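Everything below concerns the one structure shown next.
In this text the structure is predicted, and so the values were computed from the model without any measurement.
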Amino acid sequence: MAEEKRYFWIKIRQDFFTDPYIKILRRMAGGDTYTIIYLKMLVKSADTNGTIYFQGAGDDLAEELSLMLDEGVENVRALLAYLEAKKLITHPDFTDDIFLIATPDLTGSETGSAQRVRKFRARQNQEITLQSNSGVTISNDSKSKSKSKSKSKNIEIEPETENNPAAGYSKIVKMLEENGFGLIGGIVAQNVSDELKDFAEKSDLDNATAILEKAIQISVLNGVTNFKYVLAITKKWYDQKLFTISDVEASENKHSQNKQVKPLDQDMSKMTREEQLIAVMGKDGVRF
């Protein structure tokens, strides 16, 4: 949604390989291969807030992932079964897409401009260190002016979202903090501001606020209190051009109607998985 390029990376925790789920996985036959595939999946989902979308290139997600990750399809299928059994992945909106629970906590990112600012500050600190080591002294007045300038630069660079007077922003931050998302500030505060701005540009601030409230509600009901999960939901709505709360609710109602179980005259045990989904959800509710 944002025009500026953003860079993503995966941060492996120090206790990653001693985590009980990973230890169990590695002790399985072929477990080391499964672990490598899991790490590849984490990297693959870094720039989509933990979601891997099924595009329909393969017969199912396992086959499609095996093509994307260049791994054996049976190994991928076995790993997906393990991750699902341990509730390390979920299926948003009952689709074949998957959400990796661990990704948001392991993902880091920054914009191109933030990267340039970080490098610029590193060079400044290096220059100050070199000057200090060379015995260059700075008067109190110079230090004061230097700090003043540095502070001024920081104010220009850092996002101003924490002091944003918009009622919508304050409402979203309050809802997040009251529902266990932690103290909102820094990158998350900037993301809240960006989401409100993006949706407000397509509709208005009231609709933008209502959409974020709806996404937070869904996240909490799914037992996830990580803002990147909220971002995955809003990104999907934005990509589907659902820019007002009425658009979102209409889409949800349609999806709910398609999920209603209908009487079946056929023996489902003899159907393929795709035929079972169509029989239960209706063709419009299933993507192949």
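With sequence neighbours excluded, the residues satisfying side-chain hydrogen bond (donor to acceptor under 3.5 Å, both in side chains) with D204 are N207. For E84, the side-chain hydrogen bond (donor to acceptor under 3.5 Å, both in side chains) test picks out H91, with sequence neighbours left out. Taking A215 as the reference, V230, I233, T234, W237 meet the side chain to side chain contact (heavy atoms under 4.5 Å, CB included) condition, with sequence neighbours excluded. With sequence neighbours left out, the ring-ring contact (aromatic ring centres under 6.0 Å, His included) criterion links F243 to Y238. Looking at residues two or more places apart in sequence or on another chain, you find a salt bridge (charged side-chain N to carboxylate O under 4.0 Å, His left out) between D32 and R26. Among residues two or more places apart in sequence or in another chain, the side-chain hydrogen bond (donor to acceptor under 3.5 Å, both in side chains) test is passed with T225 by none. Listed by chain and number, the residues in a side-chain hydrogen bond (donor to acceptor under 3.5 Å, both in side chains) with S219 amount to none (sequence neighbours excluded). Contacts of K214 classified as salt bridge (charged side-chain N to carboxylate O under 4.0 Å, His left out), with partners at least two apart in sequence or in another chain: E252. Legend: residues meeting side chain to side chain contact (heavy atoms under 4.5 Å, CB included) with R13, ordered by chain and number and at least two apart, are D15, D19, L106.
Taking CD1 of I216 as the reference point, atom CG of L221 lies at 12.0 Å (rounded to 0.5 Å). Note that the CD1 atom of I98 and the CZ atom of F54 stand 11.5 Å from one another [nearest 0.5 Å]. A distance of 15.0 Å separates CG in D206 from CZ in F199, rounded to the nearest 0.5 Å. To the nearest 0.5 Å, atom NZ of residue K202 and atom NZ of residue K197 are 12.5 Å apart. Here the straight-line distance linking atom CG of L242 with atom CD of E249 works out to 11.5 Å at 0.5 Å rounding. Between atom OH of residue Y82 and atom CD1 of residue I89 there is a gap of 12.0 Å, rounded to the nearest 0.5 Å.
The side-chain heavy atoms of L79 and M41, taken from C-beta on, include a pair separated by under 4.5 Å. Using a 4.5 Å cut-off on side-chain heavy atoms (C-beta onward), L42 and L39 make contact. For the pair N222/Y229, a side-chain contact is recorded, criterion being any heavy-atom separation below 4.5 Å from C-beta on. Side chains of T209 and L196 form a contact here, defined as non-hydrogen atoms less than 4.5 Å apart.
Across all their heavy atoms, Y53 and A232 have their closest contact at OH-O, 4.3 Å. Heavy-atom minimum distance, A29 versus Y34: O-CE1, 3.5 Å. The shortest non-hydrogen separation linking A200 to A208 is N-CB, 3.6 Å. Here the closest heavy-atom approach between residue D247 and residue K241 is recorded as OD2-O, 4.3 Å.
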Please report, to 0.1 Å, the donor-acceptor pairs under 3.5 Å made by any side chain of residues 71-78, with sequence neighbours excluded.
residue	atom	partner	partner atom	Å
E71	OE2	K40	NZ	2.8
R77	NH1	D60	OD2	2.6

Please list, one pair per line, the donor and acceptor atoms closer than 3.5 Å that link side chains of residues 177-188 to other protein atoms, with sequence neighbours excluded.
residue	atom	partner	partner atom	Å
E177	OE2	I184	N	3.0
N179	ND2	M175	O	2.7

For residues 61-69, which side-chain donor-acceptor pairs fall under 3.5 Å, sequence neighbours excluded?
residue	atom	partner	partner atom	Å
E63	OE1	D59	N	3.4
E64	OE1	Q55	N	3.4
E64	OE1	G56	N	2.8
E64	OE1	A57	N	2.6
E64	OE1	G58	N	3.3
E64	OE2	Q55	N	2.6
S66	OG	E63	O	2.6

Handout entry: Check against salt bridge (charged side-chain N to carboxylate O under 4.0 Å, His left out), D239 and K235
Key = CA-CA 6 Å; D239 291 344; K235 183 181 185 302; 2.9 Å; yes

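Counting non-hydrogen atoms of other residues, nucleotides and ligands closer than 6.0 Å to CZ of F16 gives a total above 12.
Without hydrogens or angle criteria, S251 side chain to V248 main chain gives no donor-acceptor distance under 3.5 Å.
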